[in-house]
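The block underneath contains the structure these notes are about, expressed in structure tokens.
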Amino acid sequence: MCEVTTLGAYGSRSSKGGSSAFLLDSSRVIDAGHLLDPLQEQSCQIEEVWLTHSHLDHIVDIAYILDNYFQQRTKTLRLRGLPQTLHTLRQHFFNHEIWPDFSTIPLASGVMALSYEPIELHQCYTIGEGRTIEAYPTDHTVPSCGYILTHANRTLLLTADTYALASTLAMCEANPTLTALVVECSFPSAMEALAFASKHLTPKLLFEGLRPLEGRGLTLYINHLKPAYESQLRQEIAQMAGGWSPIVLHDGDCIVF
Ligand SMILES: [Zn+2]
Ligand SMILES: [Zn+2]
């Protein structure tokens with residue numbers, strides 16, 4: 001059994017929990033919406049952030065872990081992501097105006113605090129022994145990708161923020177070792193117009209979209225609930241799940257695949 005830890009499960013930050021972040025191992029995360037609170041000083045060990053896209057709920061704690069633990073850090077924090085995502089962070093976030101440009105600031109060890117390392121879609125990258133990660137394109141308001149994580153012949157797919165599920169279905173169908181998926185669900189089904197405008201899913205859209213995968217015995221995890229609609233979303237998910245037994249993630253939950 002392979003495990004990924006949910007550091008932040010929600011589609012926004014609130015008293016209920018943090019926004020998107022998943023711990024892959026002691027030095028790697030997918031997204032950085034919630035690293036500082038759950039990891040605290042352990043966040044110094046994070047060396048790679050695999051970004052799905054540039055939205056604040058997925059990047060914000062890059063700023064705070066660098067700032068709070070600058071002196072304790074010894075290694076460069078490597079941002080991996082689509083070229084457009086890295087460009088946006090460089091231009092609009094770590095630009096000395098919103099937050100320091102840490103790619104020009106050395107740590108005490110002499111290496112720069114931050115680096116930008118673009119990835120290619122559908123390229124398999126090795127991350128640790130026997131573990132690979134591959135990005136595939138998803139459907140959001142900015143360039144975005146989901147990730148496919150494979151370890152010991154078992155595969156987990158994370159959609160991150162998306163509206164259409166066509167590329168996700170294609171990846172699932174092409175992947176015989178897939179055992180689990182994490183799919184976003186942000187707004188109640190009655191808010192379909194907002195879901196479309198902001199390129200997110202509702203329970204209705206999610207379960208309609210996943211219908212071709214029903215019966216494959218996959219474990220379905222759901223994340224990125226907007227906290228304001230949490231109870232309504234949980235109700236709708238339970239009502240519309242059909243043949244699925246979805247697990248709606250909380251901060252700290254383990255994802256097993
Ligand atoms: Zn988001
Ligand atoms: Zn987003």
Side-chain angles (χ1 to χ4, degrees), residues 4-24 29-38 49-65 79-94 98 119 121 135-147 156-168 181-189 191-203 205-206 209 220-230 232-234 237 246 248-251 253 255:
V4 164
T5 305
T6 309
L7 297 175
Y10 291 87
S12 192
R13 182 173 284 193
S14 78
S15 59
K16 294 177 180 173
S19 59
S20 295
F22 299 96
L23 185 69
L24 307 184
V29 290
I30 290 179
D31 281 341
H34 195 52
L35 304 182
L36 187 66
D37 282 354
V49 181
W50 292 78
L51 293 163
T52 61
H53 64 297
S54 56
H55 282 159
L56 190 67
D57 55 320
H58 300 253
I59 65 164
V60 64
D61 269 2
I62 300 167
Y64 292 123
I65 64 170
L79 301 187
R80 313 300 312 268
L82 299 176
Q84 304 95 315
T85 303
L86 301 184
H87 177 78
T88 300
L89 265 68
R90 193 167 209 160
Q91 288 288 115
H92 302 294
F93 194 18
F94 297 108
I98 298 293
I119 59 167
L121 291 167
Y136 75 96
T138 49
D139 176 36
H140 201 35
T141 53
V142 292
S144 66
C145 63
Y147 283 109
L156 171 71
L157 178 147
L158 299 100
T159 65
D161 296 11
T162 195
Y163 178 74
L165 283 168
S167 61
T168 295
L181 57 165
V182 182
V183 183
E184 77 117 295
C185 189
S186 299
F187 296 110
S189 301
M191 298 175 75
E192 203 166 311
L194 180 59
F196 177 70
S198 59
K199 294 276 188 169
H200 284 297
L201 288 167
T202 67
L205 294 168
L206 182 157
L220 173 63
Y221 296 93
I222 295 178
N223 79 325
H224 206 275
L225 275 62
K226 291 288 183 186
Y229 312 112
E230 182 175 10
Q232 194 180 344
L233 282 167
R234 285 179 179 277
I237 289 166
V248 181
L249 290 168
H250 289 104
D251 291 10
D253 282 353
I255 295 165

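Positions are given from 1 along the sequence. As the structure is a prediction and not an experimental result, all values here were calculated from the model. Start at 1 and go down the list; that is how both ligands and their atoms are numbered.
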Item to check | Close side-chain approach of Phe94 to Ile62, heavy-atom, < 4.5 Å | outcome: yes
Checklist entry - So, does Ser167 use its side chain to make a donor-acceptor pair with the main chain of Pro137 at under 3.5 Å? => result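 Yes, Ser167 side chain to Pro137 backbone: donor-acceptor pair under 3.5 Å.
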Next on the checklist: When you measure from the side chain of Glu184 to the backbone of Thr159, do you find a donor-acceptor pair of N or O atoms at a distance under 3.5 Å?
Outcome noted: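 No; zero donor-acceptor contacts below 3.5 Å.
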Checklist entry - Looking at residues at least two apart in the chain, or sitting in another chain, which of them share a side chain to side chain contact (heavy atoms under 4.5 Å, CB included) with Arg234? => result Tyr10, Leu225, Glu230, Val248, His250
Checklist entry - Should we say atom OH of Tyr229 is surrounded by more than 12 heavy atoms from elsewhere, each under 6.0 Å from it? => result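 Incorrect, the count does not exceed 12.
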Next on the checklist: I'd like to know whether Lys199 forms a salt bridge (charged side-chain N to carboxylate O under 4.0 Å, His left out) with Asp161, so could you lay out the CA-CA distance, the side-chain angles of the two residues, the decisive distance to 0.1 Å, and finally the verdict.
Outcome noted: CA-CA 7 Å; Lys199 294 276 188 169; Asp161 296 11; over 6 Å; no
Next on the checklist: I'd like the atom name of the N/O/S atom in His140 lying closest to the Zn ion (ligand 2).
Outcome noted: NE2
Checklist entry - Ignoring water, what protein N, O or S atoms are under 2.8 Å from the Zn ion (ligand 1)? => result Asp57 OD2, His58 NE2, Asp161 OD2, His224 NE2
